[in-house]
Amino acid sequence: MFRSINTRISSIIAVVVILSTFVTLYFIDTTVESDMNAAQGKTARNTIRMAILNLQEGQQAIERYERQALRDRKQSIKDALAVFESQLDNLYELYEKGVLTESEAKDAARTLVHNTRYYNNDYFFIYTDSMVSVAHPDQKIEGSDLSESKDVKGYAFGKDIISKAQKNGGGYIKVWWTRLGSDEAVQKILYVKPFSNWNWIIGTGTYIDDIAAKVEEQKKVFISELRKGFSKVRLAETGRLFIFDDDKKILVSPAGYAGNFENRINLVTGNSLFHDLRETAKQGDWKREYTVSLPGGRIEEKVSYVKYFEPMGWYVASTIPLKEIKAPVDALIAKQAGISLLILMISLAVIYYAIRKVCEPIRNVSRMARLVAKGDLREAGKFFDEVMLHTSYLKRTNHLTGTCTLHSDDKRLDEIGQLVRSFHEMIRTLNSLVGHVQKSGEMVTGSAVQMGSAINQLEVTIEDQATATQELGSTSREISATAGELARTMNDSTEVAIKTAELTSRGQADLEVMAENMQKMREASAEIFSKLSIINSKAANISTVVTAISKISEKINLLSLNAAIEAEKAGEFGQGFSVVAREIRKLADQTAMSTLDIEKIVAEMTSAVSAGVMGMDKFRQQVETGVSNVEELGKGISEVVDQVHSLSPQFESVNEGMQNQSEGAEQISKAILQLSESSAQTRDSLEEFISVTEKLTESVSGLEDEISVFKVEES
């Protein structure tokens, strides 16, 4: 099976290609999969970090909203108490002027407390400086000592009221209190201050459960926005983001996921999936691989990345099926295997065909050698002309006889051609030699004595021929070595020239495309920067307008409160005006809330513009990187030019080899000339052999018997 050369070489090359294919596939399987996992993990972590930034912004916005709402509410009750204090000052002036007695003035103050309501059914109260109730809407507690009173959660607020009223001149206190007409305790803010004319502590308060409700509403809106944003995020093909809290409640579920997702069990650990993810996040780890059972009984391996957002107690996590990460790697391996198999088949076919073509002349020469060994020189010559006629080593020289000879130009022959030529010359020389020997055997009749003399002279001539032949052989070897070196040099020069042409054409095309792209990127970056500048200036104008609206809203709020108090003074004649004042105050509150929303939008717009400016800066850096790449490409073209210049020494080596061949050819010519002279002397000596051929008849007869086995062509 492996006796032929082409089969052996093809088998060796096939083994090498197969081994290289398996090595390549193993490399892809071990490295590309790990790279894909790392890339997906990096993408998931970056996506979760962006989500955490969104959570931070949302939390800060909600906290700002809550703080601003509390500040506004505190200021409103402080302003309301100032109006109430002015009414008490009026009653005290009437008492000092004698219009009212002290008892009448204090009764009027109690009546004012009983009848005055504002905003969300809020009221005023009056205590003595020792916390005895003087006036309160809940008349059941009037006259009671409240210095040791506690709210529903056990907070003793009496001492703090005395302290803030007498020492600080006024202050705020938070208590949990039952709203009038209700049994549920809610958080309330009190503002108290001293009324020194009658040694009273006056105060008012407002319930802030509506602020908490609005904060919760803001959280719901924020979660709704997160759901919209997360629904657009996709990791791999079906990977999603989701958020859950410490109570294993899903706040933002993965888009497209249905069923009992929050109760899924990790089949690897036996714990709930949320339990394992929560432990992973709290330990500071990112990654958790697990196996879950999906609806329909399917088992699927997945990987999640999770991060804990402590301020809100939320966990931001991702879920990605592992098969979606491995699928591209498997597809790449399958494609690589198919391509490698195709390359292997094509390579084997081409190599087998090429080697067979190379070995075919050698097989023909081997067959001719067997014919020569049998002594059939005539058949060997015919076979040579018939079989080797179609090769480039022969040319037809006689159109009448159809005989063929070899090219005499060594430059057109490779090593096999030289072997064929040498074998052809050997057959021709052997045929001629045997023919001459046969003819010479018939003509040899000289005597032994005369032949001895001639033989001596012939030995000298033969020695000269041997010397010339040795020189000819040495020169031929030098020519062969020079020709081999010349062939290798020409092959190297051809490969360098091909690579140089390809590299130059690619470099020129890349330079043209890169120049166009750089120009377009510069124009686009300038246009985007100008638009971002315009947006930034507009955002600043909007902020100014929002500030003005906020101040107007505060003034309207204060005016509406004064109007309400004045309407209370007017009694039933001011009820209509009181209704208008309440509506104006509601309108002012709505305006304040809208102003806060506008401020939030403006802040987001400013943040987006800042991000755009940062993106433009990164884009500018990328443009600079493109410029440096163009410079590097220019350097590559310079290297191509240098490589082209490197061809000159190789061509010079070719020229030197050709000169060496020329000198060798001259030496061959001289050696052949010497052989010709020796042949002339040999012919002179052979003329003397004629006289002694008769005595050599018996010897010649024996020689003819030996040579008769050769079949030669008739000349």
Side-chain angles (χ1 to χ4, degrees), residues 66-67 69-89 91-92 102-103 105-213 215 561 565 568:
E66 185 176 10
R67 287 194 299 269
L70 288 175
R71 283 196 298 267
D72 293 343
R73 191 63 58 85
K74 287 179 179 180
Q75 186 63 40
S76 65
I77 62 175
K78 184 177 181 180
D79 294 339
L81 189 61
V83 174
F84 180 71
E85 184 180 14
S86 65
Q87 293 177 335
L88 293 181
D89 289 337
L91 293 175
Y92 187 77
E102 182 178 9
S103 176
K106 290 182 177 180
D107 289 339
R110 292 188 183 91
T111 302
L112 186 62
V113 168
H114 295 160
N115 298 330
T116 302
R117 298 287 186 276
Y118 68 95
Y119 190 55
N120 192 15
N121 202 27
D122 296 327
Y123 54 86
F124 301 98
F125 55 84
I126 302 175
Y127 300 145
T128 64
D129 54 4
S130 59
M131 283 299 294
V132 175
S133 177
V134 176
H136 196 279
D138 187 2
Q139 298 181 17
K140 296 179 181 179
I141 65 175
E142 289 184 354
S144 301
D145 184 1
L146 303 178
S147 59
E148 300 297 331
S149 295
K150 299 180 181 179
D151 64 1
V152 294
K153 292 194 175 183
Y155 167 54
F157 56 86
K159 294 180 179 180
D160 287 342
I161 289 178
I162 296 174
S163 175
K164 289 185 179 293
Q166 295 181 354
K167 295 181 180 180
N168 300 331
Y172 295 96
I173 296 174
K174 284 186 178 181
V175 296
W176 286 86
W177 205 255
T178 303
R179 192 191 302 268
L180 292 176
S182 175
D183 296 332
E184 183 181 0
V186 295
Q187 199 170 21
K188 184 176 184 179
I189 297 177
L190 304 178
Y191 181 73
V192 296
K193 65 182 300 185
F195 186 72
S196 57
N197 293 330
W198 284 322
N199 294 325
W200 284 351
I201 297 175
I202 61 175
T204 186
T206 182
Y207 297 96
I208 58 174
D209 56 336
D210 58 332
I211 295 178
V215 169
L561 182 61
I565 294 173
E568 288 292 335

_Let me confirm one number: the OG1-CD1 distance from Thr206 to Ile211, rounded to the nearest 0.5 Å._
7.0 Å
_Value rounded to 0.5 Å, distance of NZ in Lys167 from CD1 in Ile162_ = 10.0 Å
_Expected output: side-chain Thr111 to main-chain Asp107 donor-acceptor under 3.5 Å_ = yes
*Ignoring hydrogens and angles, state whether a donor on the side chain of Tyr118 or Ser76 is under 3.5 Å from an acceptor on the partner side chain.*
no
_Would you compute the distance between atom CZ of Phe84 and atom OG1 of Thr116 and round it to the nearest 0.5 angstrom?_
6.5 Å
*Can you check whether Ile141's main-chain N or O pairs, donor with acceptor, with Asp138's side chain at less than 3.5 Å?*
no
*For His136, does its backbone N or O pair with a side-chain atom of Glu142 as donor and acceptor, under 3.5 Å?*
yes
*Check: Phe157 ring centroid to Trp177 ring centroid under 6.0 Å*: yes
*asked:* Measuring centre to centre across the rings, with the benzene-like ring taken for any Trp, is His114 within less than 6.0 Å of Tyr123?
replied: no
*Of all heavy-atom pairs between Val113 and Phe124, which one has the smallest distance, and what is that distance?*
CG1-O, 3.0 Å
*Before accepting this row, confirm whether a basic side-chain N of the pair Arg73/Asp122 lies closer than 4.0 Å to the acidic partner's carboxylate O.*
no
*Supply the atom-to-atom distance Asn197 CG to Asp89 CG, rounded to the nearest 0.5 angstrom.*
6.0 Å
*Can you name the nearest heavy-atom pair linking Ser130 to Ser147, along with the distance?*
O-CB, 4.0 Å
_Main-chain N/O of Asn121 paired to Tyr207 side chain as donor or acceptor, under 3.5 Å_ = no
*Taking the six-membered ring for Trp, are the ring centroids of Trp198 and Tyr92 within less than 6.0 Å of each other?*
yes
*Considering all heavy atoms of both residues, which atom of Leu91 and which atom of Ala105 are nearest to each other, and what is their separation?*
CD1-O, 3.8 Å
*Residue among Lys164, Glu148, Met131 satisfying side-chain contact (heavy atoms from CB on, under 4.5 Å) with Lys159*: Glu148
_Face-on cation placement of Lys74 at Tyr172 ring, 6.0 Å and 45° thresholds_ = yes
